[in-house]
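Heads up: numbering here begins at 1 and tracks the sequence. Atom set for the values below is all heavy atoms of this structure, side chains included, hydrogens, waters and symmetry mates excluded.
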Amino acid sequence: METRPLLIVDGANVVGSRPDGWWRDRAGAAARLRDALVPVAAAGLPPDLLAPVEVVLVLEGAAREVPAVPGVTVVAAPGSGDDTMVELVAAAAPDRRRLVVTADRELRGRVEALGAEVYGPRWLRREPAGRPG
């Protein structure tokens with residue numbers, strides 16, 4: 001049985017939460033988000049999320065070809081990214097801590113109904129333990 005918390009990140013929603021020009025290079029923006037998630041797997045996001053953490057980044061559309069890296073699993077949604085995240089939450093053991101990062105209200109309701117915790121993109125941007133802010 002897996003004991004690490006499962007952190008599922010809504011790639012399109014988190015990338016789209018900052019108007020930093022991501023729309024000019026969706027795959028590049030998704031890769032930068034993926035790389036920023038690597039330290040979270042080892043360090044967590046104290047005090048809310050203690051390490052180690054299984055990190056899953058769900059990507060769709062033009063960003064779906066971004067590969068995984070050590071510490072971050074990338075799931076290319078075959079259709080709706082929201083549906084894929086709901087499936088990931090549902091497939092995890094119900095007694096496992098499952099966290100979803102999104103600002104999408106409809107998705108929030110769907111995963112909360114399955115017992116997942118939901119946090120917004122700003123929560124994710126905090127610095128992991130041991131890294132300066």
J.: Using the rule side-chain contact (heavy atoms from CB on, under 4.5 Å), only one of Ile8, Leu45, Leu49 pairs with Leu99; which is it?
T.: Leu49
J.: Could you tell me the separation between the CD atom of Glu106 and the CG atom of Asp82, rounded to the nearest 0.5 Å?
T.: 6.5 Å
J.: So do the side chains of Tyr119 and Val100 get within less than 4.5 Å of each other, counting heavy atoms only?
T.: no
J.: Is the shortest side-chain N to carboxylate O distance from Glu117 to Arg97 below 4.0 Å?
T.: yes
J.: Taking the basic N atoms (NZ, or NE/NH1/NH2) and the acidic carboxylate oxygens, is any pair closer than 4.0 Å for Arg110 and Glu87?
T.: no
J.: With Thr84, which residues qualify under side chain to side chain contact (heavy atoms under 4.5 Å, CB included), at least two apart?
T.: Val58, Val75, Ala77, Pro78, Leu88
J.: Testing Val15, Leu107, Leu57, Val101 one by one against Asp10 for a side-chain contact (heavy atoms from CB on, under 4.5 Å), which residue passes?
T.: Leu107
J.: I need the minimum non-hydrogen distance between Leu59 and Gly11, along with the two atoms involved.
T.: CD2-CA, 4.0 Å
J.: Which distance, rounded to the nearest 0.5 Å, do you find between the CG of Leu7 and the OG1 of Thr73?
T.: 11.0 Å
J.: Less than 4.5 Å apart, any side-chain heavy atom of Asp83 and any of Val86?
T.: no
J.: Search all heavy atoms of Val74 against all heavy atoms of Val66 and return the closest pair with its distance.
T.: CG1-O, 3.3 Å
J.: Is there a chain of hydrophobic side chains (I, L, V, M, F, W, Y, each step under 4.5 Å between heavy atoms) that links Val69 to Val56?
T.: no
J.: Does any part of the side chain of Arg4, heavy atoms only, come nearer than 4.5 Å to the side chain of Val53, both counted from C-beta?
T.: no
J.: Which pair of non-hydrogen atoms, one from Pro121 and one from Ala103, has the smallest distance, and what is that distance?
T.: CD-CB, 3.9 Å
J.: Any ring-ring contact (aromatic ring centres under 6.0 Å, His included) pairs touching residues 71-91, not counting sequence neighbours?
T.: none
J.: Is the shortest side-chain heavy-atom distance between Pro67 and Arg34 below 4.5 Å?
T.: yes
J.: Tell me whether Glu60 contacts the main-chain N or O of Gly81 through its side chain, where contact means a donor paired with an acceptor under 3.5 Å.
T.: yes
J.: At their closest point, which heavy atom of Gly44 faces which heavy atom of Pro46, and how far apart are they?
T.: C-CD, 3.5 Å
J.: Side-chain heavy atoms nearer than 4.5 Å, only ILVMFWY residues, links allowed to pass through others: does that put Leu50 and Val72 together?
T.: no
J.: In the structure I gave you, are the side-chain heavy atoms of Arg96 and Glu54 within less than 4.5 Å of one another anywhere?
T.: yes
J.: Which pair of heavy atoms, one from Asp35 and one from Pro39, lies closest together, and at what distance?
T.: O-CD, 3.6 Å
J.: Quick one: closest heavy-atom pair of Ala41 and Ala51, and the distance?
T.: O-CB, 4.4 Å
